[in-house]
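Worksheet: one structure, shown below.
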Amino acid sequence: MILGKTIESWCASYPLINELIALQETSWFNPGIAPTAEALADVGLTAADVADASARLDRFASYIMQVFPQTRASGGIIESGILPMPKLQAELMARHGQESSGQLWLKADCNLPISGSIKARGGIYEVLKHAEDLALAAGLLNIDDDYALLDSDAMRAFFGQYKVAVGSTGNLGLSIGIMSAQLGFQASVHMSADARQWKKDKLRAHGVTVVEYESDYSVAVAQGRKEAESDPSCHFVDDENSTSLFLGYAVAAERLQRQLAAAGITVDAEHPLFVYLPCGVGGGPGGVAFGLKLVFGDAVHCIFAEPTHSPCMLLGVHTGMHDAVSVQDFGIDNVTAADGLAVGRASGFVGKAMQRLLDGYYTVSDDTLYRYLALAEQLEGIRMEPSALAGLPGMARVLQETQGYRARLGLSREHMARATHLVWGTGGSMVPPAEMEAYLAKGRSLLA
């Protein structure tokens, strides 16, 4: 029984659940999407909140540039580029038997400095905000100071009195752990069974305490939260509910706007932008989508991608039950090669805040992820981890949809011909060469 109802009863009310239970690759386009100007109020955050987060990152730029030399070229701003993918687009369309329409691009967060994934946005931002709050309250920092002063033994000793903890499948733990340790915090990362060994090893090499669990993401988060609640000196980074994380991700949108303009790409009602975001618990893609809606309004269409074995956000939003249900409730095992997306219960905060702002959701199998991982490397020379490929089938799903989604939003054939499709490549550059070669070998074997 799930909330007093049998699985059969749930499936009768929501037939799509049958496809999820059968682990089919599934698409669902949201009939409840509302005009951006109306639905933004659901979030409880504003453009001023995002601007505040952006200004904070600017204040930390001199510190970031000093302690992470790889960010010097960008002036201490942690950002990734956008890349056209014409060869991969042609292959994607051919595999789905479709005529090409619009242009396919990659947002290469797989190459973000420091922690090599989208989590370098929200995770690092929350640690920086916590450090700033502590230093300002102690009178050790003024908002007009050059924040490079934080790179000192005295400041590391100060932060060393405090702890930072997080529950993670891997990439969030990397960003939180690396940044916390650099500042001097005592950092601990509670990692689920899905986390890759190399991520645990890398954290330990930075002096981070790694606590391992044989259970999934939800248990790691719950235990990390429980430990923090008993220690007033410990700040818990709550991936399920943190508005700081959410805002750190949202800053990406204003930067993307400038990148698209520099590339000569127009985004407006006549030139729609489709963005495909891999989704785990929802904080990262939710924050990015919120920022995009603030910047582009109804001209941007955000779609979440999840593994067939972990469709927690699709399940939660489709049923309206959000975090009250998990994929395990329905016998779905939450075991996937897409470790960053191996989440059984979605963020209730994100699901409820974004449910009228997101155009749709789809699921993708592990085999499909591996195939596209190999094709991305073969055709475009881009290496990403499996979870980062979840956004790639999105363009085909939108072009072949049969649910009346495009017609409902007035997206004509002409609109689609002028559209830009952006795959958010969420991670991969820090994957050890041997592990990446194993991914590629599996993908190539599946292609063959």
Side-chain angles (χ1 to χ4, degrees), residues 56-57 59-72 76-78 112-136 138 140-141 147-192 195-213 220-221 223-225 227-228 231-239 242 244-245 248 283-284 340 427 429-432:
R56 182 168 290 105
L57 289 169
R59 291 196 294 274
F60 271 98
S62 63
Y63 171 78
I64 295 294
M65 186 166 49
Q66 184 162 302
V67 299
F68 296 107
Q70 64 268 44
T71 66
R72 285 176 183 163
I77 298 299
I78 303 167
L112 277 176
I114 304 176
S115 64
S117 81
I118 188 174
K119 302 299 185 179
R121 298 184 183 279
I124 287 176
Y125 172 75
E126 176 149 347
V127 174
L128 296 178
K129 183 181 185 303
H130 181 54
E132 183 186 60
D133 289 345
L134 290 173
L136 289 173
L140 299 175
L141 180 71
Y147 278 28
L149 66 82
L150 296 172
D151 181 28
S152 71
D153 290 341
M155 291 305 300
R156 282 185 285 274
F158 168 71
F159 291 128
Q161 304 171 82
Y162 300 94
K163 300 175 183 176
V164 174
V166 66
S168 174
T169 57
N171 284 343
L172 182 64
L174 278 179
S175 68
I176 297 294
I178 291 171
M179 191 71 250
S180 296
Q182 181 64 50
L183 282 159
F185 287 110
Q186 301 175 52
S188 61
V189 178
H190 298 255
M191 302 193 87
S192 62
R196 302 293 187 204
Q197 186 61 45
W198 70 265
K199 296 180 182 180
K200 300 172 188 176
D201 294 342
K202 190 168 190 66
L203 282 168
R204 289 183 172 121
H206 279 82
V208 177
T209 299
V210 176
V211 185
E212 300 184 54
Y213 297 90
V221 171
Q223 290 301 313
R225 186 184 292 117
E227 177 185 289
D231 186 346
S233 72
C234 186
H235 175 76
F236 181 68
V237 180
D238 191 340
D239 199 13
S242 172
S244 291
L245 276 177
S429 62
M430 294 186 74
V431 175

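- The minimum heavy-atom distance between L183 and A131, with the atom names listed, is CD1-CB, 3.9 Å.
- Side-chain N or O atoms of T71 include one that pairs as donor or acceptor with a backbone N or O of F68 at under 3.5 Å.
- Atom CD of Q182 is separated from atom CG of D151 by 6.5 Å, given to the nearest 0.5 angstrom.
- Of all heavy-atom pairs between S168 and G170, the closest is OG-N, 2.7 Å.
- Closest non-hydrogen pair, I78 versus A120, comes out as CG2-CB, 4.1 Å.
- Note that OG of S242 and NZ of K129 are 9.0 Å apart. Values are rounded to the nearest 0.5 Å.
- Two residues are said to be in side-chain contact when any heavy atoms from C-beta on lie closer than 4.5 Å; M430 and W198 meet this criterion.
- The shortest side-chain heavy-atom distance between K119 and L174 does not fall under the 4.5 Å cut-off.
- Between R59 and E132, some side-chain heavy-atom pair lies under the 4.5 Å cut-off.
- No donor-acceptor distance shorter than 3.5 angstrom exists from the side chain of S233 to the backbone of K163, with no hydrogens or angles considered.
- Atom NZ of K200 has more than 12 heavy atoms from other residues, nucleotides or ligands within 6.0 Å.
- Counting only distance, with no hydrogens or angles, the side chain of T209 and the backbone of S188 share no donor-acceptor pair below 3.5 Å.
- Looking only at side-chain heavy atoms (C-beta outward), L203 and M191 come within less than 4.5 Å of each other.
- In this structure, Q70 contributes its side chain and P113 its backbone to no donor-acceptor pair below 3.5 Å.
- In this structure, the separation between CD on Q161 and CZ on F159 is 10.0 Å, given to the nearest 0.5 Å.
- Taking 4.5 Å as the limit, some side-chain heavy atom of L128 sits within range of a side-chain heavy atom of M179.
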Carefully, step by step, assess M65 and F60 under the rule side chain to side chain contact (heavy atoms under 4.5 Å, CB included).
-> CA-CA 9 Å; M65 186 166 49; F60 271 98; over 6 Å; no
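- Distance CD1/I178 to NZ/K202: 5.5 Å, rounded to 0.5 Å.
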Test log, rule side chain to side chain contact (heavy atoms under 4.5 Å, CB included), inputs R225 and H190 = CA-CA 10 Å; R225 186 184 292 117; H190 298 255; over 6 Å; no
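- A donor-acceptor pair under 3.5 Å is absent between the side-chain atoms of Q223 and the main chain of A220, judged by distance alone.
- At least one donor-acceptor pair closer than 3.5 Å links the side chain of E126 to the backbone N or O of L245.
- The nearest pair of heavy atoms linking S117 to N171 is OG-CB, 3.5 Å.
- Residues F185 and L134 form a side-chain contact, since some pair of their non-hydrogen atoms from C-beta on lies under 4.5 Å apart.
- Side-chain contact between E212 and S192 is absent, with no heavy-atom pair separated by less than 4.5 Å.
- Expressed to the nearest 0.5 Å, how far CG of L141 lies from OH of Y147 amounts to 4.5 Å.
- Here the closest non-hydrogen pair linking S175 and S115 is CB-OG, 3.4 Å.
- Classified by interplanar angle (parallel below 30°, tilted 30° to 60°, perpendicular above 60°), the ring pair H130/Y162 is perpendicular.
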Under the side chain to side chain contact (heavy atoms under 4.5 Å, CB included) rule, what do L57 and R121 come out as? Steps first, then yes or no, please.
-> CA-CA 10 Å; L57 289 169; R121 298 184 183 279; over 6 Å; no
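- Looking at heavy atoms from C-beta onward, V166 lies in side-chain contact with L172 at the 4.5 angstrom threshold.
- Between I176 and G123, the shortest heavy-atom distance links the atoms CD1-O, 3.2 Å.
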